[in-house]
Amino acid sequence: MGVLDSKVPPGPLAEKWTNHKNEINLVNPANKRNIDVIVVGTGLAGASAAATLAELGYNVKTFCYQDSPRRAHSIAAQGGINAAKNYQGDGDSVYRLFYDTIKGGDYRSREANVYRLAEVSTNIIDQCVAQGVPFAREYGGLLDNRSFGGVLVSRTFYAKGQTGQQLLLGAYAAMNRQIQRGKIKSYTRHEMLDLVLVDGKARGIIARDLVSGELERHSAHAVVLATGGYGNLFFLSTYCMGANVMAAWKAHKRGAFFANPCFTQIHPTCIPVSGDHQSKLTLMSESLRNDGRIWVPKKLEDAQAIREGRLKPTELAEEDRDYYLERRYPAFGNLVPRDVASRAAKERCDAGFGVNKTGEAVYLDFDSAIMRYGREKALTSGMKNPDDATVRKLGEEVVEAKYGNLFQMYEKITDQNPYKTPMMIYPAVHYTMGGLWVDYNLMTTIPGCYAAGEANFSDHGANRLGASALMQGLADGYFVLPYTIGDYLSDDIRTGPIPTDIPEFDAAEKNVRDRINKLMSGNGKHSVDYYHKKLGKIMWNNCGMARNEKGLKEAIKEIAELREDFWANVKVPGSPDSKNQELEKAGRVADFLELGELFAMDALHRNESCGGHFREEYQTEEGEALRDDENFKYVAAWEYQGDPSKAQLHKEELVYENIEVKTRSYK
Amino acid sequence: MKLYLKIWRQKDANSKGAMVDYTLDGVESDMSFLEMLDVLNEELIEKGEDPIEFDHDCREGICGTCSLMINGRPHGPESLITVCQLHMRSFNDGDTIVIEPWRAKAFPVIKDLIVDRSSFDRIQQAGGYISVNTSGNPVDANAIPIEKDAADASFNAATCIGCGACVAACKNASAMLFTSAKVSQFALLPQGRVEAAERVQNMVRQMDIEGFGNCTNTGACEVECPKGISLENIARMNREYLSAIIKG
Ligand SMILES: Cc1cc2nc3c(=O)[nH]c(=O)nc-3n(C[C@H](O)[C@H](O)[C@H](O)COP(=O)(O)OP(=O)(O)OC[C@H]3O[C@@H](n4cnc5c(N)ncnc54)[C@H](O)[C@@H]3O)c2cc1C
Ligand code: SF4
Ligand code: FES
């Protein structure tokens, strides 16, 4: 098991990062000019890393498949970003953020990484404000905060419901500054199709120009993968349509271990599925749970009447509603973490209390919030005895100011007015906590290949608390990777440019070309989407919110069969030498068909329930997740051995020196 | 619903394009406009024809990738939304729908309905940023208090998704609304003031180099902008520009 060295520095937790930075090898600024770094992905993690590396003096090349770096899926993040600033004076601290994150992740993340994350979180906000990110402000001109699921303090910074957009535009602007200075060369509409190793080190990539179809060779002294998560494996998810696992999977096949693939977050507040044609699911920010109350009818006959349209939710008396989160988890109520909220919704719907046509939806109701805010507003504006209609109107204005764009989005999609009738929500695949295994320096098991942001595994454990992915992406990109990478690159100051006309590049390019030709020569029965949807169904039914041994074993078999069928019968029209979106999709789905199997294997071997991984065999009498720390307090890191089914398991034992590992309770 | 679609097909930037007719049956009102095109593409693939290429990614109105001219209007008939948020309930059985790419010299067609908007990136690169280092910033965030109204106005300008509908809607193919949104975001913040004069001049210069047209105050951009970016931003940019040149 000696292969997995986490490189966590010695010493007290709170001093590890500072000491480590002091001991890291530095690269002299004059030498940085002789070093090239490739950054694949320009989301929060990639854009912030690229901008910072360029600013430090390295020559950076960035890649993204979209037409502009600004369109990476980080743009879609709604709710906010955490930081232990304690601006609200509610007792927050670095330690508390660290503690909440470890506990929220069900004790399956690496202690030292999480502490560092909490530690640098405060710098992130300073950085973003300096860049002109327009965070929400209070009337006094200071930054405003709100709270998110799984915590009891207000530490989340936000920009209406568009926090990801504003943070990404900040990082994109920082990139633009370096592009203007000639320190970053940005390749858009380019997809990385393989990683190139020279003498065992990552030295470049093969990319496809998605417009001309040409294959290109790019070399560098190190390669950073910041390519996001792989939740699109489920077909229906909150991810953008192009999200994929390609870069990470190719690195995996070249020797990077893939960690905890089965840890996938199902977000509790998404717009439910409406029909077969659906291509994606839309998230309703979790921040809505600050004010919205979640319920289903108490009586089965009421639920049925609602499903059949005979009864309106607004007609149901208060005492006939089951606010099941408030009932089960009085301390956290509607603010329990995502895994808990998602499972509770599924439990109610499975028991027959679902409220939409398919029975897979619960209510998220703003009525009490509207009235509460309305009364408050009436009071503060000096109104005496306002009538209900006035109170409601005032309240709606307050709610609109807080969540207006989310309400608008909901209405556009569902054609229902959430001010007048409760929203309907249901859990959906949202975030992947698993990813490439990295050490404390964010390096994968391939020397010189780094992974940042959602593409790595390290900080969230088995479940991610809200507003912490943005934090991690920016922490990695602005404050961690640019320093830790120097330690590695300090050996490369005399290497000189890496040539691309060497056998390693020839072989990798040939590998890519063969695969494309194979995809295009399929027998031609079914479209790529046909396979993607089938895979998604297998994943959702057997590896979704609840898993069991039988279902997982079936899934492993079915995915392998589907993969075979795909390679024999997929139909990819057009040519490889031009813009071809079907070919792009085909390459991505081909990788999902391999990852899916590893995902199910990982879920099968983990005989416990924790975070996003709920094995039906392992639950308490009350239906809560039953963790097994004795046997599973480790990271499962899989090594590729020629086929997903042959992957070899390595374990990184998780050591908690500073925190007592407890049962997670939100009661 | 049954729909009659007239769609622009163009092999690549150098080929000539043309409108092609398609008939699509079984369209449901819950489908988004892009899902309707997905269904059409499935049919085309099954028939052995090349599917229609169109740009899209987030499908929730925030990435700014989708870009269709529908019956002569960018992002279609509804206001304040992108194409991916447009649903088929906005159309009726038997409708004929004309679908084209954005049209502007500075947005050359790449294929079918996809255009090249990298000129927008170059405008941003010319100055759409605050020149602050990313490697460790010493000033505490709350040391820069910002009046709530200014912060909100700045945020509103910053919500531009860079989709290019404003250019597509404009008879002069002007990029003023887009550029002014970014100029405004920074002009309204204390952090952005120091280099404001340089910023506006550089961005306007780049806008001209890219071949965007002039603004003649028609206001079509504001009407079609999915994010409600207002014309006030253009006025603000003009003021910024003027004072920048006067200062020299
Ligand atoms: C709807 C939604 C709401 C969310 N809300 C929140 C929130 O409120 N708070 C929070 O903390 N988190 C939130 N998250 C999670 C968070 O947004 C993401 O985890 C995070 O932004 C991921 O950032 P990233 O930089 O790792 O990857 P991404 O932003 O996904 O970027 C991936 C990049 O990789 C590129 N890429 C991928 N594959 C290739 C390839 N093969 N070749 C070339 N380029 C490639 C893409 O082009 C893109 O540039 C939300 C997520 C979603 C989907
Ligand atoms: S100003 Fe409006 S229309 Fe123009 S790019 Fe921005 S969001 Fe799109
Ligand atoms: S696809 Fe992102 S805005 Fe339409």
Side-chain angles (χ1 to χ4, degrees), chain A residues 48 51-52 55-56 66-68 70-71 73 75-76 87 123 125-127 129-132 134 136-143 159-160 162 165-166 169 173-174 176-177 179-180 188 211 240-242 274-275 277-280 282 409 412-413 415 478 482 527 529 571 573-574 578-579 581-582, chain B residues 12 28 30-31 34-35 38-39 42 45-46 48 50-51 53 55-65 81 85 89 110-111 114 116-118 120-121 124-126 128-137 139-142 144-148 151 154-155 158-159 162 185-186 189 191-192:
Chain A
S48 55
T52 310
E55 191 177 284
L56 289 173
Q66 291 95 346
D67 68 327
S68 164
R70 66 172 290 152
R71 304 204 206 280
H73 199 49
I75 200 112
Y87 282 161
N123 300 17
I125 304 304
D126 299 341
Q127 179 64 50
V129 167
Q131 283 168 347
R137 302 254 163 189
E138 292 168 346
Y139 279 99
L142 302 179
L143 291 153
K160 275 219 177 125
Q162 304 173 11
Q165 178 193 34
Q166 293 311 321
L169 291 180
N176 281 333
R177 180 166 168 244
I179 293 173
Q180 185 77 347
T188 59
V211 176
C240 57
M241 302 302 287
S274 71
H277 55 261
Q278 200 144 348
S279 57
K280 81 155 266 161
T282 301
M409 189 155 93
K412 292 288 180 204
I413 294 174
D415 210 18
Y478 283 138
S527 70
D529 276 357
K571 181 175 197 162
S578 65
K579 180 108 192 78
Q581 290 176 322
E582 283 297 309
Chain B
D12 53 40
E28 290 165 36
D30 277 350
M31 288 180 185
L34 300 186
E35 283 163 355
D38 290 343
V39 173
E42 281 289 298
I45 294 170
E46 220 132 275
D50 282 356
E53 303 238 344
D55 251 341
H56 63 97
D57 203 19
C58 73
R59 295 211 174 181
E60 52 186 73
I62 190 76
C63 71
T65 311
I81 55 170
Q85 295 172 297
R89 64 180 85 93
I110 289 178
K111 183 172 186 178
I114 301 178
D116 180 354
R117 284 168 288 186
S118 49
F120 267 17
D121 281 332
Q124 302 277 291
Q125 286 153 19
Y129 45 78
I130 289 176
S131 301
V132 59
N133 285 352
T134 58
S135 1
N137 237 283
V139 183
D140 183 84
N142 257 352
I144 316 174
I146 300 174
E147 200 194 329
K148 187 172 182 334
S154 171
F155 170 81
T159 57
Q185 177 195 341
F186 293 135
L189 296 174
Q191 304 95 304

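All values below come from the heavy atoms of this structure, side chains included, with hydrogens, waters and symmetry mates left out. In the text below, chain A, chain B and the rest are named by the order of the sequence lines, each starting its count at 1. This is a predicted model, so every value here is computed, not measured.
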Can you tell me which portion of [X] sits under 4.5 Å from chain B's heavy atoms? Options are side chain, backbone, both or neither.
| X | result |
| --- | --- |
| Ile179(A) | side chain |
| Gln165(A) | side chain |
| Gln278(A) | both |
| Gln581(A) | both |

Max heavy-atom pair count under 4.5 Å with chain B, selected residue of [options]:
| options | answer |
| --- | --- |
| Pro482(A), Ala174(A), Gly275(A), Ala173(A) | Ala173(A) |
| Gln66(A), Lys160(A), Met409(A) | Lys160(A) |
| Ala159(A), Gly140(A), Ala136(A) | Ala159(A) |
| Ser578(A), Ser48(A), Ser68(A), Gly242(A) | Ser68(A) |
| Ile125(A), Leu143(A), Thr282(A) | Leu143(A) |
| Thr188(A), Val211(A), Leu142(A), Leu169(A) | Leu142(A) |

For the student: nearest non-hydrogen atoms of [X] and [Y], plus distance:
| X | Y | result |
| --- | --- | --- |
| Val132(B) | Arg177(A) | O-NH1, 3.0 Å |
| Gly162(B) | Arg71(A) | O-NH2, 3.1 Å |
| Gly574(A) | Asp50(B) | N-OD1, 3.4 Å |

Top contributor to chain A interface from [options] [non-hydrogen pairs under 4.5 Å]:
| options | value |
| --- | --- |
| Ala126(B), Ser131(B), Gly128(B), Gly48(B) | Ser131(B) |
| Gln191(B), Glu46(B), Arg59(B), Glu53(B) | Glu53(B) |
| Ile114(B), Leu34(B), Asp38(B) | Ile114(B) |
| Glu147(B), Arg117(B), His56(B), Gln85(B) | Arg117(B) |
| Ile62(B), Leu189(B), Asn142(B), Ile130(B) | Asn142(B) |

* Residue list, side chain to side chain contact (heavy atoms under 4.5 Å, CB included) with Asp30(B), at least two apart or on another chain ->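 Partners of Asp30(B) by the side chain to side chain contact (heavy atoms under 4.5 Å, CB included) criterion, ordered by chain and then number, come out as Ser274(A), His277(A), Arg89(B).
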Is it the side chain or the backbone of [X] that comes within 4.5 Å of chain A heavy atoms, both, or neither?
| X | result |
| --- | --- |
| Phe186(B) | side chain |
| Ile45(B) | both |
| Gln124(B) | both |
| Asp57(B) | both |
| Ile144(B) | both |
| Ile81(B) | side chain |

* With the threshold set at 4.0 Å, does a side-chain nitrogen-carboxylate oxygen contact exist between Lys280(A) and Glu60(B)? ->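 Yes, this pair counts.
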* Asked: Hey, is Lys571(A) close enough to Glu582(A) for a salt bridge, meaning N to O under 4.0 Å?
  ->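 Salt bridge between Lys571(A) and Glu582(A), a charged N being under 4.0 Å from a carboxylate O: no.
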Side chain proximity check, [X] to [Y], heavy atoms < 4.5 angstrom:
| X | Y | result |
| --- | --- | --- |
| Thr159(B) | Gln185(B) | no |
| Pro51(B) | Pro573(A) | yes |
| Glu28(B) | Glu35(B) | no |
| Asp12(B) | Lys111(B) | no |

* Who passes side chain to side chain donor-acceptor pair (under 3.5 Å) against Gln125(B), sequence neighbours left out? ->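 If we apply the side chain to side chain donor-acceptor pair (under 3.5 Å) test to Gln125(B), skipping adjacent residues, there are no hits.
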* To do: Please answer whether the main-chain N or O of Asp140(B) pairs with a side-chain N or O of Asp126(A) as donor and acceptor at a distance below 3.5 Å.
  =>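 No; zero donor-acceptor contacts below 3.5 Å.
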* Hey, are Ser527(A) and Glu42(B) close enough side-chain-wise for a donor-acceptor pair under 3.5 Å? ->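 Judged by distance alone, the side chains do pair up.
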